[in-house]
Q: 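Take this structure first; my questions come after.
No hydrogens, no waters, no symmetry mates; every other heavy atom, side chains included, goes into these values. Whatever order the structure lists them in is the order used to number ligands and atoms, beginning at 1.
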Amino acid sequence: MQEAQTHLPDGFHFFPSFLDQAAQNALVEDIRGVVAQAPLFQPVMPRSGKPLSVKMSNCGPLGWVADINGYRYQDRHPVTGTPWPAMPPRLVDIWQQVADCPAQPEACLINHYGEAAKMGLHQDRDEQTFDAPVVSISLGDTAVFRIGGTKRGGKTLPITLNSGDVIVFGGPARLCYHGISRVYPDSSTLLKGGGRLNLTLRRVTPF
Ligand code: SIN
Ligand code: FE2
């Protein structure tokens, strides 16, 4: 059993209940519009081809994909071959309120977690710049997020993320290991089909 890290890293900011119910509903409608054009797809791990437990889509000029060839950003949906839908202005607004960054986000990764989905500890490091933070928005079922340090295998601190919560990791926290150790099924009624949506906004290219 690992001991929990006792303090959050510098550059990590937690905004509980950042979005009220109306803002959450509006964002869900935006995301429904996005996935109608760019359906959720099943990402797999490079080399092994093992499926991740989440399903994904993206909006914005670039989108993050995971397939047998690797992890990367690309401007098109890997299944339909069409450009990603535009980033809804509501997402850009949230970025402008919390990111403390002069540049616009270029990618919004949409992760959908069903009942048994998790995400192993990892760093977000496929971007060409780490000068912008990652902004992460939680909608739907409650999850346990874990944040550690910048080295693999260190201690992690659990943070419960509820629908409407926003976290930002930038500066010294930009490359911290993080993941989702569990999702509590049916803990929210926001999403008609249940589950959890996580939206991560990122800058990919230097600015
Ligand atoms: C991620 O690290 O890509 C997702 C984190 C989350 O689902 O809250
Ligand atoms: Fe991540």
Q: Would one find an N or O of H178, backbone or side chain, under 3.5 Å from an N or O of ligand 1?
A: yes

Q: Of all heavy-atom pairs between V98 and V166, which one has the smallest distance, and what is that distance?
A: CG2-CG1, 4.3 Å

Q: Return the orientation label for the H77 and F41 ring planes: parallel under 30°, perpendicular over 60°, tilted otherwise.
A: perpendicular

Q: With respect to the Fe ion (ligand 2), what is the nearest N, O or S atom of D124?
A: OD1

Q: Which protein non-hydrogen atom lies closest to atom 7 (O) of ligand 1, naming both residue and atom, and how far is it?
A: Y113 OH, 2.5 Å

Q: Please determine whether ring-ring contact (aromatic ring centres under 6.0 Å, His included) holds for the pair H122 and Y177, giving the CA-CA distance in whole Å, both sets of side-chain angles, and the decisive distance to 0.1 Å.
A: CA-CA 5 Å; H122 65 277; Y177 277 85; 8.1 Å; no

Q: Taking both backbone and side-chain atoms of H122, is any N or O found less than 3.5 Å from an N or O belonging to ligand 1?
A: yes

Q: May I ask you to list the atoms of ligand 1 that are less than 4.0 angstrom from any heavy atom of I180?
A: 6 (C), 7 (O), 8 (O)

Q: What angle, to the nearest 10°, do the atoms NE2 (H178) and NE2 (H122) form about the Fe ion (ligand 2)?
A: 90°

Q: What protein heavy atom sits nearest atom 8 (O) of ligand 1, and how far off is it?
A: R196 NH2, 2.9 Å

Q: For D131, is there an ion pair with R174 - N to carboxylate O distance below 4.0 angstrom?
A: no

Q: Against heavy atoms of N111, which atoms of ligand 1 measure under 4.0 Å?
A: 3 (O), 4 (C)

Q: Counting neighbours of CG on D20 that are heavy atoms of other residues, nucleotides or ligands and sit closer than 6.0 Å, is the number greater than 12?
A: yes

Q: Looking only at distances, can you tell me whether any N or O atom of S138, backbone or side chain, sits closer than 3.5 Å to an N or O atom of ligand 1?
A: no

Q: Report the nearest protein non-hydrogen atom to atom 1 (C) of ligand 1: residue, atom name, distance rounded to 0.1 Å.
A: M119 SD, 3.6 Å

Q: Tell me which one of D165, V183, N198 gets a heavy atom nearest to atom 5 (C) of ligand 1.
A: N198

Q: Specify whether F18 and F15 have parallel, tilted or perpendicular ring planes, treating 30° as the upper limit for parallel and 60° as the lower limit for perpendicular.
A: perpendicular

Q: Is the shortest distance from a Lys or Arg side-chain nitrogen in D124 or R202 to a carboxylate oxygen in the other one below 4.0 Å?
A: yes

Q: Taking CD in Q97 as the centre, count heavy atoms belonging to other residues, nucleotides or ligands within less than 6.0 Å. Is the count above 12?
A: yes

